[in-house]
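Data block below; observations after.
Source: prediction; values computed, not measured. Sequence lines set the chain letters: A, B, ... in the order given, protein chains first and strands last, and positions in each chain run from 1.
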2 protein chains.
Amino acid sequence: MPKNCNFIEKLREVGLRPTKQRIKMCEVLYNREKTFHFTINDLVKLLSEKMNQKISLATVYNTVHAFEKKGYLKEISIDSHKSYFDTNTSAHHHFFDEDTHELIDCDESDIDKINIRKNITGKKINSVEVLVRVASDNQTQK
Amino acid sequence: MPKNCNFIEKLREVGLRPTKQRIKMCEVLYNREKTFHFTINDLVKLLSEKMNQKISLATVYNTVHAFEKKGYLKEISIDSHKSYFDTNTSAHHHFFDEDTHELIDCDESDIDKINIRKNITGKKINSVEVLVRVASDNQTQK
DNA sequence: AATCTACATTATAATAATTCTAAACTGTTG
DNA sequence: CAACAGTTTAGAATTATTATAATGTAGATT
Ligand SMILES: [Mn+2]
Ligand SMILES: [Mn+2]
Ligand SMILES: [Zn+2]
Ligand SMILES: [Zn+2]
């Protein structure tokens with residue numbers, strides 16, 4: 001979803017009613033320079049602290065999943081104990097900082113195209129994603 | 001952990017008391033031809049149905065995490081709603097069948113070595129893992 | 001502009017996965 | 001065979017997520 005676009009139109013395009021809550025959520029998620037990663041809790045905090053919007057937890061869940069289904073968000077699995085979402089919905093790889101629990105996007109140029117030589121009969125490849133886990137260097141040696 | 005090895009010794013080696021429950025769990029997990037993937041629920045079922053062992057859920061969780069910490073199991077993140085564990089603790093990649101929710105190991109030869117060109121200051125790479133999501137082919141076209 | 005209706009929001013309850021607690025139990029050491 | 005530290009256990013607590021059902025609202029219809 002592009003920055004500063006007409007969110008009302010964008011929502012209508014995919015058959016979602018442009019309600020107050022959904023528009024606010026679009027503003028928080030998409031009116032920024034760069035795409036970003038968040039958990040549901042991050043998002044609830046952003047909405048209440050930065051935007052002064054109290055949106056019920058159920059609505060945040062519903063809306064995030066609605067946006068996901070419509071292709072405006074992507075869910076990222078890193079940690080089985082927490083769901084991360086990504087406003088960058090294009091195919092891309094990630095670094096995950098195990099110290100800060102922060103997700104960082106890889107550029108195209110950071111990792112070569114992955115070539116899959118195996119193929120599973122009757123199955124098509126939906127996605128190929130690389131996760132690079134990193135952590136502070138100064139633990140193991142001084 | 002090798003098949004049919006002396007689990008009592010193996011447990012002692014890493015400072016875990018070889019209790020009945022832990023030994024049974026070793027047998028279920030490691031006395032088989034191939035490594036495999038499981039969820040906590042799978043494991044509880046295996047123990048109760050195949051082995052006729054009633055081990056409390058808390059102990060299964062504790063033991064799986066103890067084995068994980070000692071490097072005898074690895075946790076795999078695929079689906080933020082469920083934890084998968086792997087008895088294959090070497091670095092390897094996975095296919096995930098989105099129809100059956102089954103994890104399949106990749107061989108070395110299936111995917112070329114991944115070359116990471118970016119490096120994050122002060123951070124070292126702990127792991128590089130590829131997840132290939134596959135699904136039935138006969139959905140989109142006849 | 002008032003009314004209608006399908007869809008959305010909300011508070012709250014329910015469920016599921018996981019972790020915690022504290023008492024009973026057991027492997028090891030001497 | 002004590003004694004003790006570590007382990008198991010049932011059940012409670014916690015956390016993340018989803019379901020429910022009453023209320024609200026966007027957008028169409030009069
Ligand atoms: Mn989800
Ligand atoms: Mn875990
Ligand atoms: Zn991303
Ligand atoms: Zn595996």
Which of the following nucleotides, [options], is nearest to the side chain of [X]?
X	options	result
B/Ala58	C/dA11, C/dT9, D/dA10	D/dA10
A/Arg22	C/dG27, D/dT17, C/dT9	C/dT9
B/Ile55	D/dT17, D/dT8, D/dT9	D/dT9

Any salt bridge linking [X] with [Y]? Criterion: basic side-chain nitrogen under 4.0 Å from a carboxylate oxygen.
X	Y	result
B/Lys3	B/Glu33	yes
B/Glu98	A/Lys124	no
A/Asp97	B/Lys123	yes
B/Asp107	A/Arg117	no

Can you tell me how far [atom2] of [N] sits from [atom1] of [X], to the nearest Å?
X	N	atom1	atom2	value
B/Leu43	C/dA17	CG	P	14 Å
B/Lys70	D/dG6	NZ	P	12 Å
B/Asn62	C/dC25	CG	P	18 Å
A/Glu75	D/dA16	CD	P	14 Å
B/Leu47	D/dT8	CG	C1'	14 Å
A/Leu16	D/dA26	CG	C1'	13 Å
B/Leu11	C/dT28	CG	P	10 Å
A/Lys69	D/dT18	NZ	P	12 Å

Describe the nucleic acid contact of [X] in one word from base, sugar-phosphate, nothing, applying a heavy-atom distance below 4.0 Å.
X	value
B/Leu57	base
B/Lys82	nothing
B/Thr59	base

Check residues 10-23 of chain B and write down every donor-acceptor pair under 3.5 Å in which the side-chain atom is one partner and the other belongs to a residue at least two apart or another chain.
from	atom 1	to	atom 2	distance (Å)
B/Thr19	OG1	B/Arg22	N	3.4
B/Arg22	NH1	B/Arg17	O	3.1

Side-chain N,O ([X]) to OP1/OP2 ([N]) below 4.0 Å:
X	N	value
B/Gln21	D/dT9	yes
A/His65	D/dT17	no
B/Tyr61	C/dT19	no
A/Ser83	D/dA16	no

Query raised in the report: Any sub-3.5 Å donor-acceptor pair from A/Asn62's side-chain atoms to A/Ala58's backbone N or O?
Result: yes
Any N/O pairs under 3.5 Å between the protein and nucleotides 27-30 of chain D? List them or say none.
from	atom 1	to	atom 2	distance (Å)
D/dG27	OP1	A/Arg12	NE	3.0
D/dG27	OP1	A/Arg12	NH2	2.3
D/dG27	OP2	A/Arg12	NH2	3.1

Query - Along DNA chain C (nearest heavy atom to each residue), the more 5'-positioned of B/Asn41 and B/Lys20 - result: B/Asn41
Query raised in the report: Is the closest side-chain donor-acceptor distance between A/Thr39 and A/Asp42 under 3.5 Å?
Result: yes
Query raised in the report: Without hydrogens or angle criteria, can the side chains of A/Asp105 and A/His93 be said to hold a donor-acceptor pair below 3.5 Å?
Result: no
